[in-house]
Amino acid sequence: MIWKKHFFKETCCRCAAPDTEIQNEELEKRGKVKKRKKKNENKRVIISNLPFGSKKRKENPNRYYDSNKIKTTKYTILTFFPKNIYEQFHRFANIYFVVIALLNFVPVVNAFQPEVSVIPICVIMAITAIKDAWEDFRRYKLDKEINHMGCYVYNREERAYVEKCWKDVRVGDFVQLQCNETIPADILLLYSSDQNGICHLETANLDGETNLKQRHVVMGFSSQNTLFEPEFFQNSIICEMPNNDLNKFKGYMEQPNHERIGFNIESLLLRGCTIRNTEAAVGIVIYAGHETKAMLNNNGPRYKRSKIERRMNMDIFLCVGLLFMMCLVGAVGHGIWTGNFSEHPPYDVPDENGNFLSPVLAGFYMFLTMIILLQVLIPISLYVSIELVKLGQVFLIHNDIDLYDEEADLPIQCRALNITEDLGQIQYIFSDKTGTLTENKMVFRRCTVDGIEFSHQENARRLENHKDLDLDDEDFAKFQHFSLPPMNTERQATYKQRTMKPLGRCQSARAHFQGHTRSRSLGRRDSNQSQVAFSSTIEKDVTPDRRLLRRVREAALQTENLSPFIHMKTSTSLTDFFLALAICNTVLVSTATEPRQRVTVPPPIKPSGITLEKIHQIFQRLKLASLSQSFSSSQSGSDLGASFSAKNTEEHLAALDCCDNDDSCCASGRGDELQGKGSTDIGSASLDEVFKSVTNSSLPTDFCYEAESPDEAALVYAAQAYSFTLVSRTPEQVTVRLPQGTLLTFDILYTLGFDSVRKRMSVVVRHPLTKEIVVYTKGADSVIMDLLEDSAKADISAEKRMKRIKEKTQKHLDYYARDGLRTLCIAKKVLNEDDFQKWANFRREAEAAIDNRDELLMETAQHLETKLTLLGATGIEDRLQDGVPDTIAALREAGIQIWVLTGDKQETAVNIAYSCKLLNQRDTVFTINTENKETCESLLNLTLEEVRKNYEVEKPQRKIFGIIPTSFSASEAPSAEFGLVVDGRTLNVIFQGGLEEQFLALTKHCRSVLCCRSTPLQKSMVVKLIRRKLKVMTLSIGDGANDVSMIQAADVGIGISGQEGMQAVMASDFAISRFKHLKKLLLVHGHWCYARLAKMVIYFFYKNVSYVNLLFWYQFFCGFSGSTMIDYWQMIFFNLFFTSMPPLLFGVLDKDVSAETLLSLPKLYKNGQNSEIYKLSTFIITMLDAFYQSLICFFVPYLAYKDSDIDVFSFGNPINTIALLTILLHQALEMKTWTLFHLVTMVGSVVFYLVFSLIYNATCVVCNPPTNPYWIMERQLSDSTFYLLCLITPVIALLPRFFIFALRGTFGASLILKAQQLDKLPKGQQDLEIQKLRSSKQTTSAAAVSHGDTETQGLSTSDVNPLRKQTPEEGYCFFNRWAEEESTATDSSAGPFSGHYPLVPSRVANPGQNSGKLTKDNANNFNHGSHRRSVSAVTL
Amino acid sequence: MRRERSGVNKQYSFPTVRTQGEETRPSRCPDNSAFKQQKLPAWKPQLSTATVLPGFFLTGAFCLAVGVCLILSANSVRDVQIDYSDKCSDCSKFRENSSNWNKECHCSVNFTLKEDILGDVFMYYGLQNFYQNHRRYVISRSDAQLLGRNVNSYCAPFTAYRNGTPMAPCGAIANSMFNDTIDLFYNLNSSAIQVPVLKTGNSWWTDKNVKFRNPKSYNLSSAFAGTARPPYWHKPVYLLDEEDERNNGYVNEDLIIWMRVSAFATFRNLYRRVKRIRQFADGLPAGNYTFRIAYNFPVTKFKGRKHVILSTVVWSGGSNPFLGIAYVVSGTAATLTGFVITAIHLKLRKKKTYFQK
């Protein structure tokens, strides 16, 4: 209590401080003329615009804020050229080429006619400028459209809302919005036609979430029943400066009497959202135009630099070095050559004044001239070409039908345009679990109430069926939309039959849906589930557990009969449990018949049969009978402890014992059944009555629930299955229909929303009948279990019972987690009025606070959520996505390390990892959970030693098989036998304790790594660590907002456009809709893109070097004077047109190996992973080849024309032609696929060259002074030597390459070559060979994989146990922080889990998960610790 | 999009509504076309020993055949080259003194043809170490002027004299024009018969008729009025060939040929063709000949040499045997490689380990 007071005092202080600050600031502001517009003030003051009208505009303090006119264009017509050019000069290459072009204007150093030399850079900049201008124009048109949209703004003169354009809306204006209207600016909601002051928003435009959000009118305004009068609005609004946080906004409104009203994001209507379900809303504009949150969030496309580009930039530096060397040769050569003359020869032309340069100066100038001459060595066209090629690649990826998701009607989205080839070089994948590996479709599977487990066998079976039978059982479980579930099996059957009709309809719809899509060999299961944003049939329909159903019915009966019955206790907790499921959430209700029609008011029908008064009586009595003593704290004073009547407790303990003896609860269930029968008999008459009354009622039976998280919806549907139907929800009230058919309306006093720190949410409601104030909390078990009521003060038997329930629930929870279920604990607490009022006051203060309000809110929430009473727990299944194990197996075979980073529980994560074959049944899994640095370090070292030992034993053996690829990369080939599981706390220790090295060393040996319970920040830190330390290519894939940082940290970020909104997609480079698409995206597109681009880049280097070298060789014959034998136009066009198309086409279309082979032989991916195509050695070889080819292309014609009367351009012309042929034929040799396009561009390039040359040479008599190649092409075409040269030179130049290619095609052992040969084989033989290749390549690893293959789920095979037990070195080691204490623990394998659960015993257990905590505050957490330990006792 | 979809979802039990929804919104499914799915019919060449074998042999055979032909034809070319820079050493020394620039110096060079040179005989002058391809030299010309138009400025410093009189033709190339006069005499029975030569028809037709034009005027000297000869020249441009009006001025073929700058420092330019009349109807008969050379062009200051060359041509060009050799060598190499590949191929086939290795 003392603590509490202290806490609140502190809160108050904190509240006060910022307020005074604001006040001071404001006074200051009022005193001065508000000239300083955005000067460091972190508050924004807004007042109504109305008093200022149009005349006194200048006095309006709002005038400095941005208007609502948006301008996303970068340029105007006037500024386009300077601005665009300025921006283009941010590129280093552009500056380089412009400097060179400018250098050409200096007479002493120019190599070409200066006017001509600016052409290439102009062309390239013009192309970019045109692209930019077009994009900008599109933006301009869009802006104009948006700016001219209409909305209604209050006008003082007309005393009405008049239509205005969006762009004319100003901060401080009052805007009236109608249903389905898009919001023009960020508006503070002041009035809503809804009587509760609620306005519904759809934020799909902003974050893609389709569920409706509620917005409340600012407090104090909601009570107004009359229409809002803007004229009387005298308040000034003080709020924070514009920022881009969509979920945070705070401020207050100061009334003329200095009273303040706080508001937050709940009252802000965001620009771009749409008003729904509200006839009209009025608000004042807070932020307009570019200051709105939507606009601030609107970042442009991301720019990343791919690995190839980084590599390329390095090679460009090599080229610069080469260029420097060549220029130096030229300079020195020219200096010596000039120095050799004693007298100036007639061909040494003096400058205009007749002076000659000294040899040294001439040499220096020649250096510059040579740079100009050989500038193309730095491939100017490469940057533009790469951009074009990537556009093409993106286009093809985008259009891949295999990456299209029929259900969501979404193709892959490529958001980053310039990292396509990175997809082919991924070495590490970091994956989220929920929604990425799994469907993120939450299905209610099991629950435990009061320590009794209800296994929901039928539901499980239904889900199984759902998997197997594709269509037929889609609507299988429809029958349960009736308020009371069937009484017996016969009835059930009839219901089933009744449901067949809707089924037929669904089928027809489905048939239609599939009609327009390509038929697939692989069945698309669950096809129409995800048509739905949140709830598909599989999630909606929950087959109730019969046993539990009976109990619920009993409970209903009891309340009906008002008889103090035997299972009273259980029944009330049952009621509470389901009530909590139904109301402890933020689910919105809408009816199925009219979409988007919110049910906010329960229909005014009274169920016949039972009156509300009767129910009221029932509850009163019940409360008197048992509840009051145990849960209402009002009687028991300040102590919130629970006490039980001895009788009840005893009885219940008996039941619990019964459960204990047989953990499956079958016996207990049977007992219940027996008991239940009696009760059913007794109450049958009245129950029937209830039943009838409800079925007859005209309530809409089909509600649609829209939840922010799918878990919530699943719980609500589960409650619905047990006839606790959520009927309506408003911020003030929530209505639930009970099994009896009664509608119960709770007043919601507070909703403490979910956040990832607290990991729980609560609602505070007033029970309509008992008038108690009840807190229902649901949250992660780890949190809730710690917050449970301290039972020390209660009497012993009750304490014992509580403890018992806690233990049992914990046991069930652990089991759920091992089964891969997501667990949630449900708890409640009854508050007395005084406590609540006290708390509510503080809460209000916290809400009004403007500074550190979040912390205050958090603290108040935490304060409330204590001393809870456990009601039960639920297990929700998140099913694995289609094709995940297959994809993971393929990716792993491709040599990619896959890590799973999840915020989920360790057990859940490990199980998912097993079921998707990330971990293998035979893998050794190390688990490290510790909070202590020393422990962590020693554990890491220990494990590492263990692993190394194992590794070294296996290493020689592996070499014999020749598996280890001969790559000398930093990371050794990871062993297939180890898995590592760490949790978030351990990660913290590793990061903070500087244990990264050990951790990395360990992970390098591990087949897969799982990081559980990790925060978004940790996720991104892990990714960054791997990226930084191992220098590998990383890919992150995730679907939720918590994956955003991880996605952004990785080289390639992939978002799954799933069910958790669009944040991940927005942050990603590529967005896919299913995890399995990753396989084709990486293995096929990644490989292709990498191979294409890498080859193209190399080719560009080759092309430029071999071409430029021709000029360089000529310098040896012209006294290093910088002359060219090729006309400059033809030189420019050579790069720009004659040889540009084939490599571009090659970069977009070439396929070295077919998609089918790439998919069936994932090993081929290693080609890109190890950067085999484009690395330093290939670059150097290419350079050497380029030198050789240019030597041939120059010297063959030179020797042939030596001592003849050939003139400069006539000599250059055949060289140019030969170079063209050689360069194109070289490309032809590289091409692995020849389509019509390739042939056309190849032939077209040559033809274009000839045609251009003929025309140019025929028409150009005096153009391009002082020299021109007039009539040279024509003359050469009539000369036999020309033809003879053109025949022989390319042959000599390319013969060695051709020969080596042929040899490599025969002897080459590389997998790529084999795969290429495979492609040519007929289908049957191809499969055979692929099998052979695969089997020969992975003898050892395949064994492990195939072993895993035989086990379908890995969960139901207990026969693996003995094996593991007998071979501890192959089994699993298992570490925890007790490792030091019990040295044996290192090797201890968990004992066989002789339980009744069909589970493989935990390979990973973490006893004493919280025992670190235990040492810190042992007194408080003792109970908690003990219950944990009891669990671990089972596993050890 | 998404909203619509979920809206449809809410009514999923009403298939009609849903169908409408599907129709109104075109599917974003990519086209299943061969191009977009990257399944265009394609030829995938596979380079292996077996597939390249015929290629190597065919290339080898072709190159060898062409090479032999080329060598044979190049062998039939007669080529007589006489270096007269030493033989006229007096004149060359005389020319070293620049004060003698306008004085004439003649020298004779005798030589003997042991065989007849049959066919068209071309007379070239050859220069060694004369870098006509020097960058600043190459651009020092004005094509516009040579077309009879106005001068543009690339000729500097040989554009005009200090007094402003423009040079015609301007530029370093024209200024340094080869100006030796070479006459060939056939010494038959101690009487020297001047071999008749053709001055015209040596340059490209397009050069003579399109690229080079005299300024239009009633006669040449008036056309070039107001211009001066280049500093190195002895006479103005309109006196280059006083005998033939159509070979005078800018269209003088010696000028035209000189203006077509040579690709290398050692080069030859066509000077005259032997006119095939009288005893020279079949070419040059064997016997003693004399070149009478008016030695004007100084070469010693850049260590150059001058030649006079008599040569014939065949279909494959001049006397240069390189092309033939190149063809023969590469043909041989291709054939040998072909044999090597055959050996590899046979060996591999015997082992039967062609694919699985």
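Quick note: numbers below take in every heavy atom, side chains included, and nothing from hydrogens, waters or symmetry partners.
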Salt bridge flag under 4.0 Å for residues B:Arg136 and A:Asp348:
yes
Carefully, step by step, assess B:Lys44 and A:Gln1316 under the rule side chain to side chain contact (heavy atoms under 4.5 Å, CB included).
CA-CA 9 Å; B:Lys44 293 181 178 174; A:Gln1316 282 166 3; over 6 Å; no
Chain B contact via [X] - which portion, at a heavy-atom distance below 4.5 Å:
X: A:His1238; result: neither
X: A:Val1261; result: both
X: A:Arg1304; result: neither
X: A:Thr1233; result: both
X: A:Leu1287; result: both
X: A:Thr1124; result: neither
X: A:Val1153; result: neither
X: A:Asn1268; result: both
X: A:Thr369; result: side chain
X: A:Leu373; result: neither
X: A:Phe1209; result: neither
X: A:Phe1237; result: side chain

I need the minimum non-hydrogen distance between [X] and [Y], along with the two atoms involved.
X: B:Ala172; Y: A:Val349; value: CB-CG2, 3.5 Å
X: A:Lys1151; Y: B:Lys39; value: NZ-CA, 4.3 Å
X: B:Pro30; Y: A:Pro411; value: CG-CB, 4.3 Å
X: A:Ala1200; Y: B:Leu323; value: CB-CG, 4.0 Å
X: A:Pro346; Y: B:Ser176; value: CB-CB, 3.8 Å
X: B:Gln37; Y: A:Ile401; value: OE1-N, 2.9 Å

Evaluate A:Ile1288 against B:Ser330 for side chain to side chain contact (heavy atoms under 4.5 Å, CB included), listing each step before the verdict.
CA-CA 8 Å; A:Ile1288 192 69; B:Ser330 49; 3.0 Å; yes
Please classify the contact between [X] and chain A as side chain, backbone, both or neither, with a heavy-atom cut-off of under 4.5 Å.
X: B:Ala333; value: neither
X: B:Ser262; value: both
X: B:Ile325; value: neither
X: B:Pro41; value: backbone
X: B:Ile344; value: side chain
X: B:Leu146; value: neither
X: B:Val329; value: neither

For the atom pair [atom1] ([X]) and [atom2] ([Y]), what is the distance rounded to the nearest 0.5 Å?
X: B:His134; Y: A:Cys1118; atom1: NE2; atom2: SG; value: 8.0 Å
X: B:Asn320; Y: A:Thr1281; atom1: CG; atom2: OG1; value: 9.0 Å
X: A:Asp1279; Y: B:Ser316; atom1: CG; atom2: OG; value: 9.5 Å
X: A:Asp1205; Y: B:Ile257; atom1: CG; atom2: CD1; value: 8.5 Å

Winner by heavy-atom pair count (cut-off under 4.5 Å) against chain A, out of [options]:
options: B:Phe267, B:Phe35, B:Phe62; value: B:Phe35
options: B:Val261, B:Thr266, B:Asn269; value: B:Val261
options: B:Phe302, B:Tyr124, B:Trp204, B:Trp43; value: B:Trp204
options: B:Phe322, B:Trp315, B:Tyr137; value: B:Phe322

Mind checking which of residues 126-133 of chain B sit less than 4.5 Å from chain A, heavy atom to heavy atom?
B:Asn129, B:Phe130, B:Tyr131, B:Asn133
Apply side chain to side chain contact (heavy atoms under 4.5 Å, CB included) to the pair B:Trp205 and A:Arg1275, showing each step before the final yes or no.
CA-CA 10 Å; B:Trp205 186 89; A:Arg1275 182 128 181 136; over 6 Å; no
Stepwise, does the ring pair (Phe, Tyr, Trp, His ring centres under 6.0 Å) test hold for B:Phe56 with A:Phe1298?
CA-CA 10 Å; B:Phe56 272 98; A:Phe1298 190 65; 5.6 Å; yes
Would you say the side-chain atoms of [X] pair up with the backbone N or O of [Y], donor to acceptor, closer than 3.5 Å?
X: A:Ser1121; Y: B:Arg135; value: yes
X: B:Gln38; Y: A:Asp1150; value: no
X: A:Asp1207; Y: B:Arg260; value: no

Using side chain to side chain contact (heavy atoms under 4.5 Å, CB included), reason through B:Phe264 and A:Asp1203 one step at a time and then give a plain yes or no.
CA-CA 8 Å; B:Phe264 310 113; A:Asp1203 285 340; over 6 Å; no
Under a 4.5 Å heavy-atom cutoff, which of [options] has the most pairs with chain B?
options: A:Phe1117, A:Phe1301, A:Tyr1270; answer: A:Tyr1270
options: A:Tyr1201, A:Phe1120, A:Tyr1114; answer: A:Tyr1114
options: A:Ser1204, A:Gly1119, A:Pro345; answer: A:Ser1204
options: A:Leu1284, A:Ile1206, A:Val1291, A:Thr1235; answer: A:Leu1284

Checking A:Thr1267 now: which residues fulfil side-chain hydrogen bond (donor to acceptor under 3.5 Å, both in side chains) with it, not counting sequence neighbours?
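If we apply the side-chain hydrogen bond (donor to acceptor under 3.5 Å, both in side chains) test to A:Thr1267, skipping adjacent residues, there are no hits.
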